[in-house]
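Here's the structure, in C-alpha coordinates; my notes come after.
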Amino acid sequence: TQLLEQSPQFLSIQEGENLTVYCNSSSVFSSLQWYRQEPGEGPVLLVTVVTGGEVKKLKRLTFQFGDARKDSSLHITAAQPGDTGLYLCAGVIPNTGKLIFGQGTTLQVKP
Amino acid sequence: GEEVAQTPKHLVRGEGQKAKLYCAPIKGHSYVFWYQQVLKNEFKFLISFQNENVFDETGMPKERFSAKCLPNSPCSLEIQATKLEDSAVYFCASSQSEQGGTEAFFGQGTRLTVV
(Lines give C-alpha, C1' and ligand atoms only; values in the text may rest on other atoms or scores of the structure.)
Protein backbone atom coordinates (compact mmCIF):
# COMPACT_ATOMS: atom_id res chain seq x y z
CA THR A 1 0.00 0.00 0.00
CA GLN A 2 1.38 3.34 -1.03
CA LEU A 3 1.29 6.00 1.65
CA LEU A 4 2.16 9.68 1.57
CA GLU A 5 2.77 11.23 4.96
CA GLN A 6 2.11 14.96 5.07
CA SER A 7 3.12 17.20 7.95
CA PRO A 8 2.21 19.24 9.76
CA GLN A 9 -1.52 18.65 9.57
CA PHE A 10 -2.34 21.98 11.21
CA LEU A 11 -0.39 25.20 11.18
CA SER A 12 -1.37 28.57 12.60
CA ILE A 13 1.08 31.42 12.03
CA GLN A 14 1.25 35.20 11.93
CA GLU A 15 1.29 37.18 8.72
CA GLY A 16 4.83 37.59 7.42
CA GLU A 17 6.18 34.31 8.79
CA ASN A 18 7.64 31.55 6.65
CA LEU A 19 6.51 27.93 6.69
CA THR A 20 7.32 24.58 5.14
CA VAL A 21 5.04 21.62 4.55
CA TYR A 22 6.53 18.18 3.97
CA CYS A 23 5.34 15.09 2.17
CA ASN A 24 7.26 11.84 2.53
CA SER A 25 6.82 8.35 1.20
CA SER A 26 8.69 5.10 0.73
CA SER A 27 7.19 4.86 -2.76
CA VAL A 28 8.55 6.36 -5.97
CA PHE A 29 6.12 8.58 -7.84
CA SER A 30 6.17 9.57 -11.50
CA SER A 31 5.33 13.08 -10.34
CA LEU A 32 4.14 14.94 -7.27
CA GLN A 33 1.32 17.42 -7.36
CA TRP A 34 0.34 20.10 -4.87
CA TYR A 35 -3.27 21.19 -4.56
CA ARG A 36 -5.16 23.81 -2.62
CA GLN A 37 -8.73 23.09 -1.60
CA GLU A 38 -11.27 25.65 -0.43
CA PRO A 39 -14.33 24.62 1.63
CA GLY A 40 -17.05 23.17 -0.56
CA GLU A 41 -14.81 23.02 -3.61
CA GLY A 42 -12.66 20.46 -5.34
CA PRO A 43 -8.85 20.56 -5.13
CA VAL A 44 -7.19 23.01 -7.50
CA LEU A 45 -3.75 22.20 -8.82
CA LEU A 46 -0.96 24.57 -7.81
CA VAL A 47 2.02 22.83 -9.37
CA THR A 48 3.34 19.51 -10.69
CA VAL A 49 6.96 18.49 -10.14
CA VAL A 50 8.21 15.68 -12.33
CA THR A 51 11.99 15.43 -12.24
CA GLY A 52 13.96 14.35 -9.17
CA GLY A 53 15.50 17.42 -7.55
CA GLU A 54 13.20 19.79 -9.42
CA VAL A 55 12.37 23.13 -7.83
CA LYS A 56 9.46 25.27 -8.99
CA LYS A 57 8.46 28.71 -7.78
CA LEU A 58 5.02 30.24 -7.87
CA LYS A 59 5.32 33.78 -6.48
CA ARG A 60 5.97 33.25 -2.74
CA LEU A 61 5.54 29.46 -2.96
CA THR A 62 8.52 27.19 -3.63
CA PHE A 63 7.99 23.52 -4.40
CA GLN A 64 10.72 20.92 -4.36
CA PHE A 65 10.74 17.27 -5.47
CA GLY A 66 13.24 14.97 -3.77
CA ASP A 67 16.08 13.47 -5.78
CA ALA A 68 14.60 9.98 -5.43
CA ARG A 69 11.07 11.22 -6.29
CA LYS A 70 9.72 9.95 -2.96
CA ASP A 71 9.27 13.22 -1.10
CA SER A 72 8.39 16.84 -1.65
CA SER A 73 8.13 20.13 0.19
CA LEU A 74 6.17 23.34 -0.11
CA HIS A 75 7.72 26.48 1.32
CA ILE A 76 5.76 29.70 1.67
CA THR A 77 7.67 32.92 2.24
CA ALA A 78 6.09 35.84 4.08
CA ALA A 79 2.70 34.18 4.46
CA GLN A 80 -0.39 36.30 4.00
CA PRO A 81 -3.97 35.83 5.26
CA GLY A 82 -4.96 34.99 1.69
CA ASP A 83 -2.78 31.89 1.93
CA THR A 84 -5.16 30.42 4.51
CA GLY A 85 -6.59 27.11 3.33
CA LEU A 86 -6.06 23.39 2.94
CA TYR A 87 -2.94 22.26 1.07
CA LEU A 88 -2.71 18.74 -0.26
CA CYS A 89 0.19 16.87 -1.77
CA ALA A 90 -0.54 13.96 -4.08
CA GLY A 91 1.85 11.48 -5.62
CA VAL A 92 1.08 10.07 -9.06
CA ILE A 93 1.47 6.32 -9.27
CA PRO A 94 3.51 5.42 -12.39
CA ASN A 95 1.51 4.40 -15.46
CA THR A 96 -1.85 4.74 -13.74
CA GLY A 97 -2.54 8.44 -13.25
CA LYS A 98 -3.87 7.46 -9.83
CA LEU A 99 -3.21 10.01 -7.08
CA ILE A 100 -2.18 9.07 -3.56
CA PHE A 101 -3.00 12.02 -1.33
CA GLY A 102 -1.31 13.15 1.83
CA GLN A 103 -3.46 13.93 4.87
CA GLY A 104 -3.50 17.62 4.07
CA THR A 105 -2.21 20.69 5.91
CA THR A 106 -4.73 23.19 7.20
CA LEU A 107 -2.96 26.54 7.22
CA GLN A 108 -4.24 29.57 9.08
CA VAL A 109 -2.43 32.88 8.62
CA LYS A 110 -3.47 35.52 11.14
CA PRO A 111 -3.30 39.22 10.24
CA GLY B 1 -17.27 21.33 -21.35
CA GLU B 2 -14.37 23.26 -19.90
CA GLU B 3 -14.82 21.98 -16.38
CA VAL B 4 -15.66 18.73 -14.66
CA ALA B 5 -19.34 18.86 -13.77
CA GLN B 6 -20.62 16.79 -10.89
CA THR B 7 -24.25 16.37 -9.92
CA PRO B 8 -25.92 16.57 -7.57
CA LYS B 9 -23.93 18.82 -5.26
CA HIS B 10 -25.66 17.37 -2.20
CA LEU B 11 -27.41 14.03 -1.74
CA VAL B 12 -29.14 12.71 1.37
CA ARG B 13 -30.10 9.06 1.60
CA GLY B 14 -31.51 6.88 4.33
CA GLU B 15 -29.53 3.82 5.25
CA GLY B 16 -30.21 1.06 2.77
CA GLN B 17 -31.24 3.39 -0.04
CA LYS B 18 -29.44 3.65 -3.36
CA ALA B 19 -27.29 6.66 -4.25
CA LYS B 20 -26.23 7.60 -7.76
CA LEU B 21 -23.69 10.30 -8.52
CA TYR B 22 -22.85 11.74 -11.92
CA CYS B 23 -19.73 13.22 -13.49
CA ALA B 24 -19.27 14.87 -16.87
CA PRO B 25 -15.52 15.04 -17.61
CA ILE B 26 -13.86 17.78 -19.60
CA LYS B 27 -14.41 17.25 -23.31
CA GLY B 28 -11.42 15.51 -24.86
CA HIS B 29 -10.20 13.97 -21.61
CA SER B 30 -9.83 10.22 -21.86
CA TYR B 31 -9.37 9.41 -18.18
CA VAL B 32 -11.87 9.73 -15.38
CA PHE B 33 -11.07 9.14 -11.71
CA TRP B 34 -13.36 8.85 -8.69
CA TYR B 35 -12.13 9.71 -5.19
CA GLN B 36 -13.84 9.61 -1.81
CA GLN B 37 -12.96 12.31 0.72
CA VAL B 38 -13.81 11.46 4.30
CA LEU B 39 -13.02 13.22 7.57
CA LYS B 40 -12.59 16.47 5.68
CA ASN B 41 -9.10 15.72 4.37
CA GLU B 42 -8.53 12.06 3.67
CA PHE B 43 -8.80 11.20 -0.04
CA LYS B 44 -9.25 7.61 -1.13
CA PHE B 45 -8.96 6.48 -4.75
CA LEU B 46 -11.92 4.40 -5.88
CA ILE B 47 -11.77 3.70 -9.62
CA SER B 48 -10.52 5.08 -12.91
CA PHE B 49 -11.69 4.77 -16.49
CA GLN B 50 -9.96 5.10 -19.83
CA ASN B 51 -12.86 6.19 -22.01
CA GLU B 52 -15.60 3.65 -21.25
CA ASN B 53 -13.24 0.96 -20.00
CA VAL B 54 -12.34 0.35 -16.38
CA PHE B 55 -8.64 1.21 -16.05
CA ASP B 56 -8.01 0.62 -12.36
CA GLU B 57 -10.62 -0.52 -9.84
CA THR B 58 -8.32 -1.45 -6.99
CA GLY B 59 -9.94 1.06 -4.65
CA MET B 60 -13.53 0.07 -5.20
CA PRO B 61 -15.28 -1.72 -2.35
CA LYS B 62 -16.19 -5.20 -3.58
CA GLU B 63 -19.79 -4.90 -2.57
CA ARG B 64 -22.40 -2.20 -3.11
CA PHE B 65 -20.23 0.14 -5.25
CA SER B 66 -20.31 0.19 -9.03
CA ALA B 67 -19.34 2.72 -11.68
CA LYS B 68 -19.75 3.24 -15.41
CA CYS B 69 -18.57 5.58 -18.13
CA LEU B 70 -20.73 5.03 -21.19
CA PRO B 71 -20.27 6.83 -24.52
CA ASN B 72 -22.19 10.10 -24.83
CA SER B 73 -23.35 9.94 -21.21
CA PRO B 74 -22.04 11.29 -17.92
CA CYS B 75 -20.01 8.84 -15.89
CA SER B 76 -21.79 7.49 -12.83
CA LEU B 77 -20.94 6.08 -9.43
CA GLU B 78 -23.67 4.05 -7.77
CA ILE B 79 -23.87 2.84 -4.20
CA GLN B 80 -26.45 0.18 -3.47
CA ALA B 81 -27.82 -0.10 0.05
CA THR B 82 -25.93 2.84 1.47
CA LYS B 83 -24.40 2.67 4.93
CA LEU B 84 -23.60 5.44 7.40
CA GLU B 85 -19.88 5.08 6.67
CA ASP B 86 -20.50 5.93 3.00
CA SER B 87 -21.11 9.54 4.07
CA ALA B 88 -18.36 11.52 2.37
CA VAL B 89 -17.66 13.92 -0.45
CA TYR B 90 -17.16 12.08 -3.73
CA PHE B 91 -14.91 13.80 -6.25
CA CYS B 92 -14.54 13.08 -9.91
CA ALA B 93 -11.46 14.16 -11.85
CA SER B 94 -10.55 13.94 -15.51
CA SER B 95 -7.26 14.12 -17.37
CA GLN B 96 -5.93 13.74 -20.89
CA SER B 97 -3.48 11.02 -19.95
CA GLU B 98 -2.43 8.63 -17.21
CA GLN B 99 1.14 9.90 -17.39
CA GLY B 100 2.66 11.54 -14.36
CA GLY B 101 2.99 15.10 -15.57
CA THR B 102 -0.59 15.37 -16.72
CA GLU B 103 -2.91 17.58 -14.71
CA ALA B 104 -6.08 16.10 -13.27
CA PHE B 105 -8.98 18.55 -13.05
CA PHE B 106 -11.41 18.01 -10.20
CA GLY B 107 -15.11 18.67 -10.03
CA GLN B 108 -16.72 20.39 -7.08
CA GLY B 109 -17.76 17.10 -5.55
CA THR B 110 -21.00 15.51 -4.39
CA ARG B 111 -21.57 15.51 -0.65
CA LEU B 112 -23.37 12.30 0.26
CA THR B 113 -24.99 12.15 3.68
CA VAL B 114 -26.42 8.83 4.80
CA VAL B 115 -28.83 9.15 7.71
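Chain letters run A, B, ... following the sequence lines, proteins first, then strands; residues in each count from 1. Model, not experiment: these values are computed from the prediction.
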Please classify the contact of A:P94 with chain B as side chain, backbone, both or neither, using a heavy-atom distance under 4.5 Å. neither
When the ring planes of A:F101 and B:F43 are compared, do they come out parallel, tilted or perpendicular, using 30° and 60° as the limits? parallel
Between A:P43, A:G104, A:G40, the one whose heavy-atom pairs under 4.5 Å with chain B are most numerous: A:P43
Considering only heavy atoms, which portion of A:Q103 lies under 4.5 Å from any heavy atom of chain B: side chain, backbone, both, or neither? backbone
Can you find a side-chain donor-acceptor pair between A:Q33 and A:Y35 that sits under 3.5 Å? yes
Measure the distance from the SG of B:C23 to the SG of B:C75 and say whether it is below 2.5 Å. no
4.5 Å side-chain heavy-atom contact, A:V21 and A:C89: no
When you compare the side chains of B:S66 and B:Q80, does any donor N or O come within less than 3.5 Å of an acceptor on the partner? no
Report which part of A:L88 has an atom under 4.5 Å of a heavy atom belonging to chain B: side chain, backbone, both, or neither. side chain
Is it the backbone or the side chain of B:Y31 that comes under 4.5 Å from a heavy atom of chain A, or both, or neither? neither
Can you tell me which portion of B:K44 sits under 4.5 Å from chain A's heavy atoms? Options are side chain, backbone, both or neither. neither
May I ask you to decide whether A:D83 forms a salt bridge with A:R60, counting only side-chain N to carboxylate O separations under 4.0 Å? yes
Heavy atoms only, distances under 4.5 angstrom: which of B:F33, B:Y35, B:F105 has the most pairs with chain A? Name it, please. B:Y35
